[in-house]
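Since the structure comes first, as structure tokens, the remarks are kept for the end.
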Amino acid sequence: MTIVGCSGPERDPYTAGMSLDHDFLLGDLTDAQREAVTHVDGAALVLAGPGSGKTRVITRRIAYLVSLGVPAWQILAVTFTNKAAGEMRDRVEHLLPVDLPGRRGLTVATFHGFCARLLRDHAAAAGVSPDYSIYDSGDQRTAMKQALERAGLDPSNWPPQSMLSQISQAKNALQSPDDFRAEADDFHARMVAKAYDAYQAILERNHAVDFDDLLRHCATLLRNDGQVRGELQNRFRYVLIDEYQDTNHAQFVMANAIAAAHGNLFVVGDPDQSIYAWRGADIRNILDFEEHHPGAITIPLGRNFRSTGHIVQAASSLISNNRRRKAKELTTELEEGAPIRVVRLADEHQEARHVVDRLKALSEDGVPWRGMAILYRVNALSRVLEDQLRREGVPYAIARGTAFYDRKEIKDAMAYLRMLANPADDVAFRRIVNTPARGIGGSTIKRVEAAAAASGRSLAEACGDESLLGEVATRSRKAVLGFAAIVAGWRQELAAGDSTGLGDLVSRVLRESGLERPEGAFESEDERQRQANLAELVSAAGDFVAPSMEETETGTVTLAIALREYLESVALVSDADAIDSGSGVVTLMTLHAAKGLEYHAIAMVGVEDGLLPHSRARDSELELEEERRLCFVGMTRAERELLVTSASIRTIRGMRQATIRSQFLEEIPDEHCERHDFGDSWGDDAGGGSEDGGYRVELEDDPGDGLADAFKAGTMVRHAQFGTGVVATFTPRGRVHSVVVDFKVVGRKTLVLEYAKLQRVQF
DNA sequence: CCCGCACGCCTTTTT
DNA sequence: GGCGTGCGGG
Ligand SMILES: Nc1ncnc2c1ncn2[C@@H]1O[C@H](COP(=O)(O)OP(=O)(O)OP(=O)(O)O)[C@@H](O)[C@H]1O
């Protein structure tokens, strides 16, 4: 999914029949790529392996269409992450002359982002409220628990998580609660149907949709509402979709509905990279494309421009073990390159050491940190790696899009904003009505809830209506009315302001809610961190550019719209969005998040039976093959260096266990690897050349020594919020250590080392 | 009404 | 090993 390389396309003024513009767009493409890019009308499928330029083809084709005179606003391109969308938009903009008419207004979005907007614009037709909230998985669980209670189902027999995933499957298949109930023919299914009914009723009452609803409502709308469908068909004359192998039924329906009028549907993908079947992706969407679109042309791309020979061949061999698959040839344009290093280490600590040592060696050879990534099957594996990277002073970042928004204080703040944007959102309101504590406890809320239910109002409304609070104790009633008055003040500001006031609104809400505390002398380090996070939120909101601001003359929109779009963008961030390619750090992420990316050097850790393939996905051949594809995706992210590691002993969920070799390692032919087995070496040269073999063990016995050395006075460090600074003092404090750091920007701070996640910075 | 602690379950992957 | 839930004390 990486976009075209930095080297500019070659110009060849002698190519006949091409204008200069087209030569610029097409000159550096292969014949097959050029055929795909210059395909104009009708359905087309680009079916090709990793690194063959599929994403590049999409980007170029958009630019090509615009250069032919198709206005950009008639083009819809769908990518897998917001980040990919942003990069594609930038790339297209760079490819087009600044004065080209019709270059503005291109839509590049993820399916979810596109649907969120569509649903807002056509709320009434879709049967949702225009102020709807998007529920994240936490909210979904809260709603499901309520639903189970309402439906009289015991959560210990009907686990909310399992109910939700079954409902999610139904939604991806575009089944409404009614459809689902109609098909439920055994006891279990009928109970799920009951839960689905109750759950959906709760979402509706709260004016909320979950992630699946975004797609389902839009797909249903496009399928059933000729008016809206016609509007979109008219607007989007060309539809392009990246990573088509991982679309689900709802997305399939949407794509077809929009393209039905003109048939200009251009999809690219690789069935061998389909890794989301577990959440409803249907590989048949791409395999049966020609059946769905008679007359479609299929263009294979067979040349890999990303990875060197050993990597491409090893990955090809691995994936050829999948039986349900059409064989596909892939040859690299590059040289043989280095063989893959397949290394077994004694345990996860040795593994981390080995990986980090290897990355440091590459760095010394001139590979920038940002050209390296560490991939793993499960998030839990990141921890040991992080520790080792920090110890060694290697700058790194974890690709977790929602990391910032996962913090409790930020979730609370977001709940405040959400209940402002959507007064019907009782889930958000309940979360914050007594956070921070203001004397509105459980029994009070129960009474208000009863009154709200009886009068058909939302919780927030009921709180402001004294006539409904008769059952509430006088003292509590005062607290409730007081809070309602504060909220009313915020609502006024929200209704009156414009988008320039978003930062101020957030700041005011934090202050008046009491989440933000006045500077106190005896604040704990934790509390200080929370306050810093809240301040960060204010500045993020202040910096936020609402997408619709760019569509207006003045560059501003109403505050209500800006807030909505802010909440929307936060709800829809993906893990890969967190990657900042300009930041010069090693990236850690799951194999799933790595889809579409590429790095000079890749380390894949934890390639053991039970992790890859994962123990929960080993039972069926289908799942095993998806695991193999995941391994394939990981390997093919590497341009030149690929390190694949495993540990012979690993601690999982607190249990130290001997591991079993992954069958995938055996499926990589020996001629493409260099295998090393340090599985029985403890603390000797297994780390790959470092001399202080006993370092780790020493550290475990006495963490103080290693840390004292690593963070002694004078060490340059980086902190996520405070930036860079120099350690002034290092003091053991019982089981932890406190460091005083003089930061360049914010001055002197005292931090708890174990908490602050300081990274050493090298000069 | 708030907070702290113990127990039990578990995450595979994500928009 | 970590998190969420539920219970009990202040
Ligand atoms: N014709 C070409 N000449 C030179 N480099 C190319 C060419 N086509 C693609 N590339 C480069 O190859 C790399 C992979 O391209 P791209 O990301 O578009 O492939 P992809 O098929 O989308 O891969 P994946 O399926 O793995 O996501 C990129 O760095 C791209 O710049």
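Every chain is numbered from 1 and lettered A, B, ... according to where its sequence line falls, protein lines coming before strand lines. These values consider heavy atoms only, across backbone and side chains, with no hydrogens, waters or symmetry-generated copies.
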**Item:** Check: E667(A) side chain, I319(A) main-chain N or O, donor-acceptor pair, under 3.5 Å
**Value:** no
**Item:** Flag, side chain of R400(A) to backbone of D575(A), donor-acceptor distance under 3.5 Å
**Value:** no
**Request:** Would you please confirm or rule out a distance under 4.0 Å between OP1 or OP2 of dC2(B) and any side-chain N or O of N434(A)?
**Result:** yes
**Message:** I need the CE-P distance between M144(A) and dT5(C), as an integer number of Å.
**Reply:** 15 Å
**Message:** Just the rounded figure in Å: distance from C1' of dT15(B) to CG of D575(A).
**Reply:** 10 Å
**Message:** If I take atom CZ in residue R629(A) and atom P in nucleotide dT13(B), what distance separates them, rounded to the nearest angstrom?
**Reply:** 18 Å
**Asked** How long is the gap from CZ on F80(A) to CZ on F111(A), to the nearest 0.5 Å?
**Response** 10.0 Å
**Message:** Base, sugar-phosphate or nothing for L375(A)? Non-hydrogen atoms, less than 4.0 Å.
**Reply:** nothing
**Prompt:** So, is S574(A) close to the dT14(B) phosphate, meaning a side-chain N or O under 4.0 Å from OP1 or OP2?
**Reply:** no
**Asked** Once you round it to whole Å, what is the distance between C1' of dG1(C) and CD of E386(A)?
**Response** 15 Å
**Asked** Between K145(A) (NZ) and dG4(C) (P), how many Å, whole number?
**Response** 9 Å
**Message:** For the base of dT14(B) and the side-chain ring of Y276(A), does the geometry meet a stacking cutoff of under 5.5 Å between centres and under 30° between planes?
**Reply:** no
**Complete:** Against the side chain of R616(A), the closest entry in dT11(B), dT13(B), dT5(C) is dT11(B)
**Item:** Given dC2(B), dT14(B), dT15(B), the nucleotide with the shortest approach to the side chain of N379(A)
**Value:** dT14(B)
**Prompt:** When you check the phosphate oxygens OP1 and OP2 of dT14(B), does a side-chain N or O of T590(A) lie under 4.0 Å from one of them?
**Reply:** yes
**Message:** Against the six-membered ring of Y276(A), is R279(A) placed for a cation-pi contact (under 6.0 Å from the centre, within 45° of the normal)?
**Reply:** yes
**Fill in**
Judged by nearest nucleotide, the residue sitting upstream toward the 5' end of DNA chain B, E623(A) or D212(A), is E623(A)
**Message:** dT13(B), OP1 or OP2 - any side-chain N/O from K595(A) closer than 4.0 Å?
**Reply:** no
**Prompt:** To the side chain of R383(A), which of dT5(C), dT13(B), dG2(C) is closest?
**Reply:** dG2(C)
**Request:** For A617(A) and for L572(A), locate the closest nucleotide of DNA chain B by heavy-atom distance; then report the residue assigned to the nucleotide nearer the 5' terminus.
**Result:** A617(A)
**Separation of dT13(B) P from L622(A) CG (nearest whole Å)** = 20 Å
**Request:** Mind calculating the distance between CD (E568(A)) and C1' (dT15(B)) to the nearest angstrom?
**Result:** 13 Å
**Asked** Counting side-chain heavy atoms from C-beta on, which of dC2(B), dT14(B), dG4(C) comes nearest to R141(A)?
**Response** dG4(C)
**Prompt:** Do the numbers put R216(A) on top of the ring of F211(A), so that NZ or CZ is under 6.0 Å from the six-membered ring centre and no more than 45° off the axis?
**Reply:** no
**Item:** Separation of atom CG in D210(A) from atom P in dT15(B), rounded to whole Å
**Value:** 15 Å
